[in-house]
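Working notes, beginning with the structure itself.
Residue numbers begin at 1 in each chain, while the letters A, B, ... track the order of the sequences. No experiment lies behind these values; they were computed from the predicted model shown.
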2 protein chains.
Amino acid sequence: MIRNRKHSNQLEKYVLTPQRQLILELIRKSCGPIDVKKLYQLTSKKDESVSLATIYRSLTLFKKVGLIDEHRLGKQGCCYELKQSLEHQHMLCKGCGKVSDFESPLITELIKAIQDKQGFTIEKVELCLQGTCKECQDSNKSVAEKELKNE
Amino acid sequence: MIRNRKHSNQLEKYVLTPQRQLILELIRKSCGPIDVKKLYQLTSKKDESVSLATIYRSLTLFKKVGLIDEHRLGKQGCCYELKQSLEHQHMLCKGCGKVSDFESPLITELIKAIQDKQGFTIEKVELCLQGTCKECQDSNKSVAEKELKNE
DNA sequence: ATTAATGCAAAGCCTTTGCACCGGA
DNA sequence: TCCGGTGCAAAGGCTTTGCATTAAT
């Protein structure tokens, strides 16, 4: 049972249905952020009948109660992961598409600086670095792919 | 005439058509990032016949030749602005939806730290802070809107 | 005459929603 | 019984694309 406090202090109840349990478990098990497509593939393996609508609705619920974070990494589509600190952010490799995590105390510093300077209260930080990971640099894979796309 | 160097060092030529000129001018004139919808409204005022497809194709071209940056700020949809430095980033107010810019040398520091630590070469930085701007804090506008949405 | 650019409409993704049905309290 | 959760299919919003037409060199 997941509980959430409404604005008028009434408790809202949510049932941890088998579908939700499965989805949440898959998010837990995935190393790093996972997208809806992948999530749908994985749920389908365990339970053919789970619909995309249920996945989207579950994700909305999990976000609402603060179990997970939603990130927009690529051009379109979001990915999801268990709630993390503000300092936990992402890097997207243009070569292989891999998403890696990193943390840095500099982010906290940055937030503090902005808040002080601009009077803006920051609740969420979405930082995505895009570039080339070490493996792709070594293998020059990303260069090869760029050339392919150009011609 | 916009020129761009192909990978084999041939020059690619692009014509600065009236439509592209208009679109680029509107991006220039807009203070801060502008989205496609707004861009379409504005172009339509000047030239009814400019199509959405042309706007999207022009934006793709401008991105390609490095004239503009594309940012994903809200849940869906992108916005565009003249190319900026890595240190130029955005804040989105949940209350009024306003997008403001900020710059901080800490971003450069952060990039440097990550590159050194992880061996990741960073080409693009997408940082979006979400929270409440000063005006909305003062007017408690965002709180009121949240309550509306809850009930 | 050749090639790029445009407008239009259709299609493509990702996501949300309406509705009928099901199942647990 | 009641009410939330689900699956299905349809609709929505944003973006891209195929095709015929137009414009420019």
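In the set dT6(D), dT16(D), dT6(C), the nucleotide with an atom closest to the side chain of Arg20(A) is dT6(D). For Thr54(A), whose side chain is taken as the heavy atoms from C-beta onward, the closest listed nucleotide among dT6(D), dT15(C), dA9(C) is dT6(D). Closest approach to the Ala53(B) side chain among dC8(C), dT15(C), dA5(C) is made by dC8(C) (side chain taken as heavy atoms from C-beta onward). Among the nucleotides dT15(D), dG7(D), dG7(C), the one closest to any side-chain atom of Ser51(A) is dG7(D). You'll find that the side chain of Arg57(B) is closest to dG18(D), out of dT6(D), dT16(C), dG18(D). Closest to the side chain of Thr60(A), out of dT15(D), dT16(C), dT15(C), is dT16(C).
One can place CD of Gln21(B) at 12 Å from P of dT6(C), the figure rounded to the nearest angstrom. The separation between Leu52(B) atom CG and dA11(C) atom P is 18 Å, rounded to whole Å. Put simply, OH on Tyr80(B) is 8 Å from C1' on dT15(D), counting in whole angstrom units. Nucleotide dG5(D) holds its C1' atom 11 Å from the CD1 atom of Ile23(A), rounded to whole Å. Going from atom OH of Tyr14(A) over to atom P of dG5(D) covers 8 Å, rounded to whole Å. Straight-line distance from the NZ atom of Lys64(B) to the P atom of dA4(C): 11 Å, rounded to whole Å. dT15(C) atom C1' lies 14 Å from atom CG of Leu39(A), rounded to whole Å. Distance, Leu61(B) CG to dT16(D) C1': 15 Å, rounded to whole Å.
Taking 4.0 Å as the cut-off between side-chain N and carboxylate O, Arg72(A) and Glu126(A) do not count as a salt-bridged pair.
Between Thr17(A) and the phosphate of dG4(D), there is no side-chain N or O to OP1/OP2 separation shorter than 4.0 Å. OP1 or OP2 of dT16(C) has not a single side-chain nitrogen or oxygen of Tyr56(A) nearer than 4.0 Å. A close approach under 4.0 Å does not occur between any side-chain nitrogen or oxygen of Gln19(B) and OP1 or OP2 of dA23(D).
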TODO: Kindly determine whether Gln89(B) and His71(B) satisfy side-chain hydrogen bond (donor to acceptor under 3.5 Å, both in side chains), including the steps that lead there.
DONE: CA-CA 10 Å; Gln89(B) 298 292 338; His71(B) 303 285; 5.4 Å; no
TODO: Take Phe120(B) and Lys134(A) through the test side-chain contact (heavy atoms from CB on, under 4.5 Å) and record every step on the way to the result.
DONE: CA-CA 6 Å; Phe120(B) 196 99; Lys134(A) 199 152 188 336; over 6 Å; no
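Within 6.0 Å of atom NZ in Lys83(A), more than 12 heavy atoms from other residues, nucleotides or ligands are found, so the atom counts as buried in its surroundings. When the shell of 6.0 Å around NZ of Lys124(B) is examined, it contains more than 12 heavy atoms from other residues, nucleotides or ligands. Within a 6.0 Å radius of NZ in Lys112(A), other residues, nucleotides and ligands contribute 12 heavy atoms or fewer.
Tyr14(A) and Lys64(A) share a side-chain donor-acceptor pair at under 3.5 Å.
Within residues 40-50 of chain B, the residues approached by DNA chain C to less than 4.0 Å at the level of any non-hydrogen atom are Ser49(B), Val50(B), in residue-number order.
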